K.L.:
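I'd like to ask some things about the structure below.
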Amino acid sequence: MLATYPALADWLHWLDAFPHLRPLLIAAYVLYLLWLIGWIMLQKREPVATLSWILSLAALPYLGLFVYYLLGPQKVKRQRLRRGRARSGMEHYSSVCPPDADCTELAKIAQATTGLAPSSATEVEWLVDGAQTYAALLKAVAQARDHLHVEYYIFNPDHAGTALRDALVERAKAGVRVRLLLDAVGSSGIRTRFLKPLRDAGAEVAWFHPRQLLKPFKRPWMNMRTHRKLVVIDGRVAFTGGINITDEEDESRRPDAYRDLHMRLTGHVVRSLQLVFVEDWIYATGEPKERFNIAQLWPTDMPGRQDGAINAQVLVSGPDSGWETIHRLQVAAIHEARERVWLVTPYFVPGEAARMALTSAALGGLDVRLLVPKMSDSWFVTQAARSYFDELLQAGVKIYEYGPRMLHTKAFIADHDVCIAGSANFDHRSFRLNFELSMMISSAECVAELEKILIAEFAASTPVRNDRQRSLWLHRVPEAFARLASPLL
């Protein structure tokens, strides 16, 4: 028995020098295991993830409790705002699917899991890479007249970050209400000195899940970040997608900048995006809804749902919900597809349901394509992604690796009339741990425009062959090890 666990055997042999301590330490270790196992099991993860956590932390006596306290729990209670339509006054703007609307099954699933009703957009503009996105964003910010709501995972104090900060400062000085919500981990490079001009101009700045390691009885929430990228201007125009505020995504300043995708939206759907920001702000700051002027946040002269020709629906997911909305919608869309499924993601760590859906679609003769970076910014995640290639290739999935730039685009197409794009990667972290925001758009025209973008990406990529050469120690062993730990990623 001990030969199976050499670390435990060494520990027990060390205890031979302290015979009077041996029973106490063994009893303490057993209690530690029982407590840890019970705590992890109550999280109700997938069985594989539960076993991975238990086996990993069993090898870290006592320290494992601290590790799991920081990184393990995946649920956060947001009763104060959980789809809190009443407290934000939004029940009028995001209610049930109108009786005269032809709501698809996907739209009904999205509404049932998020509380956000199907909506419409008058315009959806795809923005490729940082230079185009930042130019459009700065132009729109300069036109703000009432308020600016900004939420980002990464906001760096470099050229891109300074340009947006200065644009926000200028608007705040002009009397525009500016609220900036930043993730405390993703934007940890920002210092008080960088934010001082904003605060001096009257802007409000808040941190999402600030690190609280030294505060007693305060959970640090190290593993639950707002990965959302969202800007709402005067309740009329919104920007969202996968692009953060950093020079690392600006190809005009760095030739190795990330390849990425963003979007600009107008129309009725901006009301739902506004609600997402308001709920996140209330949650992060604890401010009462009375501080928000509802009439200004959702102007009465905004286009109605019937005024937009583009069907659009906001998808939000996070550890405050067990429905994994974005994951669920993508898997459901794969099952509904009849012609094609195209998936683009920088981090590909699929669960069993997603793998089954993708392989079944390919086996059924659909055009199933997967585009991932040749090498992501995480070597470990790259190895985990490649560990799934054999199964997908054998089923008929066409896999492409994009390079040499890092691919950061998150996009999904099903057939010719449904696409999903936003902040969510195709991995466990985005599906379960991060607060994510994506858009589901049902429009043949919008899908055709996205298709053109992705065709260019496929053309710049290298197809992965089923008969590729892979050495045991350089490829297969690292991939197998990374796959073993993938439920923890």
Side-chain angles (χ1 to χ4, degrees), residues 45-52 55-56 259 324 327 330-335 337 339-414 424-432 454-455 457-489:
R45 303 171 184 266
E46 289 184 349
V48 173
T50 299
L51 290 174
S52 296
L55 293 176
S56 298
R259 184 70 167 174
E324 299 181 21
H327 183 204
Q330 288 178 319
V331 171
I334 294 171
H335 285 303
E339 297 180 31
R340 67 172 176 180
V341 173
W342 292 4
L343 173 63
V344 183
T345 178
Y347 310 112
F348 180 72
V349 186
E352 183 176 356
R355 294 201 315 276
M356 288 286 287
L358 288 170
T359 53
S360 295
L363 290 168
L366 276 65
D367 175 16
V368 182
R369 305 186 192 183
L370 170 65
L371 178 60
V372 295
K374 187 181 296 291
M375 183 58 69
S376 76
D377 53 359
S378 170
W379 176 88
F380 200 80
V381 174
T382 299
Q383 302 308 310
R386 288 176 176 168
S387 73
Y388 298 99
F389 284 3
D390 287 341
E391 176 185 0
L392 297 175
L393 289 168
Q394 290 170 10
V397 177
K398 305 178 187 71
I399 303 176
Y400 301 81
E401 291 186 325
Y402 184 93
R405 292 168 61 186
M406 161 67 182
L407 179 75
H408 200 246
T409 299
K410 309 111 167 60
F412 172 90
I413 290 179
N425 300 301
F426 207 82
D427 64 0
H428 297 284
R429 178 167 297 278
S430 283
F431 294 152
R432 300 186 179 95
L454 298 190
I455 286 177
E457 310 293 51
F458 288 128
S461 305
T462 304
V464 178
R465 296 173 56 89
N466 202 9
D467 59 351
R468 65 198 185 284
Q469 298 298 315
R470 296 161 66 239
S471 70
L472 176 64
W473 295 107
L474 292 180
H475 301 102
R476 291 158 58 191
V477 170
E479 290 172 11
F481 179 76
R483 180 169 180 150
L484 182 65
S486 63
L488 307 182
L489 297 178

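Nothing here was measured: the structure is a model prediction, and the numbers come from that model. Side-chain atoms are counted along with the backbone in the values below, which use heavy atoms only and exclude waters and symmetry mates.
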K.L.:
Heavy-atom distance under 4.5 Å between the side chains of Val477 and Gln383, does that happen here?
P.N.:
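The answer is no, as the side chains (C-beta and beyond) never meet within the 4.5 Å cut-off.
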
K.L.:
Find out whether the Lys NZ or Arg CZ of Arg355 is both under 6.0 angstrom from the six-membered ring centre of Tyr388 and within 45° of the ring's axis.
P.N.:
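Verdict for Tyr388: no cation-pi partner in Arg355.
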
K.L.:
Please find the pair of heavy atoms, one from Pro350 and one from His428, that lie closest to each other, and give the distance.
P.N.:
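What the structure gives for the nearest pair is O-NE2, 4.3 Å.
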
K.L.:
Per the side-chain contact (heavy atoms from CB on, under 4.5 Å) rule, which among Asp427, Leu392, Asn425 passes with Phe348?
P.N.:
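It is Leu392; the other options fail the test.
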
K.L.:
CZ of Phe389 to CG of Leu370: how many Å apart, nearest 0.5 Å?
P.N.:
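Reported value, rounded in 0.5 Å steps: 6.0 Å.
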
K.L.:
Check Arg369 with Glu457, please: is the shortest side-chain N to carboxylate O separation under 4.0 Å?
P.N.:
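Between Arg369 and Glu457 there is no salt bridge, as every charged N stays at least 4.0 Å from the carboxylate O atoms.
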
K.L.:
Measuring from atom CG of Leu454 to atom OG1 of Thr409, what distance do you get when rounded to the nearest 0.5 angstrom?
P.N.:
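The CG atom of Leu454 sits 7.5 Å away from the OG1 atom of Thr409.
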
K.L.:
Which atoms form the tightest heavy-atom contact between Pro373 and Ser376, and what is the distance?
P.N.:
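That closest heavy-atom pairing would be CG-CB, 3.8 Å.
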
K.L.:
Between the main-chain N or O of Arg483 and the side-chain N or O of Ser387, is there a donor-acceptor pair closer than 3.5 Å?
P.N.:
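Absent.
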
K.L.:
Testing the basics here: between Pro478 and Trp473, what is the closest heavy-atom pair and its distance to 0.1 Å?
P.N.:
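In this case the closest contact between Pro478 and Trp473 is CD-O, 3.2 Å.
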
K.L.:
For residues Ile334 and Phe412, determine if any side-chain heavy atom of one lies less than 4.5 Å from a side-chain heavy atom of the other.
P.N.:
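Yes; the side chains approach each other to less than 4.5 Å.
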
K.L.:
Compare every heavy atom of Val464 with every heavy atom of Leu393, then report the nearest pair and how far apart it is.
P.N.:
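So the two residues come closest at CD2-O, 3.6 Å.
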
K.L.:
For Arg468 and Asp390, work out which heavy atoms get closest and say how close.
P.N.:
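Arg468 and Asp390 have their closest heavy atoms at NH2-OD1, 3.1 Å.
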
K.L.:
Using only atom types and a distance under 3.5 Å, with no angle test, would you say the side chain of Thr382 pairs donor to acceptor with the backbone of Ser378?
P.N.:
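Side chain of Thr382 to backbone of Ser378, a donor-acceptor pair under 3.5 Å: yes, one is there.
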
K.L.:
Got a second to check how far Leu474's CG is from Glu479's CD, nearest 0.5 Å?
P.N.:
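Output value for this atom pair is 10.5 Å.
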
K.L.:
Indicate yes or no: does Asp467 engage Arg465 in a salt bridge with an N to O separation below 4.0 Å.
P.N.:
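Yes, charged N to carboxylate O under 4.0 Å.
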
K.L.:
Working to the nearest 0.5 angstrom, can you tell me the gap between Met375 CE and Met406 CE?
P.N.:
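So the CE of Met375 and the CE of Met406 are separated by 11.0 Å.
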
K.L.:
Treating Arg470 as the side-chain partner and His475 as the backbone partner, does any N or O pair qualify as donor plus acceptor under 3.5 Å?
P.N.:
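No.
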
K.L.:
Show the nearest heavy-atom pair for residues Leu407 and Pro346, with the distance to one decimal.
P.N.:
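Heavy-atom minimum between the residues: O-CB, 3.0 Å.
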
K.L.:
What is the distance from atom NZ of Lys398 to atom CG of Leu371, rounded to the nearest 0.5 Å?
P.N.:
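The NZ atom of Lys398 sits 13.5 Å away from the CG atom of Leu371.
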
K.L.:
Please assess Thr345 against Gln330 for the test side chain to side chain contact (heavy atoms under 4.5 Å, CB included), listing each intermediate value before the final yes or no.
P.N.:
CA-CA 12 Å; Thr345 178; Gln330 288 178 319; over 6 Å; no

K.L.:
In terms of relative ring orientation, are Trp342 and Phe458 parallel, tilted or perpendicular, with 30° and 60° separating the classes?
P.N.:
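Perpendicular.
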
K.L.:
How many angstroms lie between atom OH of Tyr347 and atom NE2 of His408, to the nearest 0.5 angstrom?
P.N.:
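One gets 4.5 Å once the value is rounded to the nearest 0.5 Å.
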
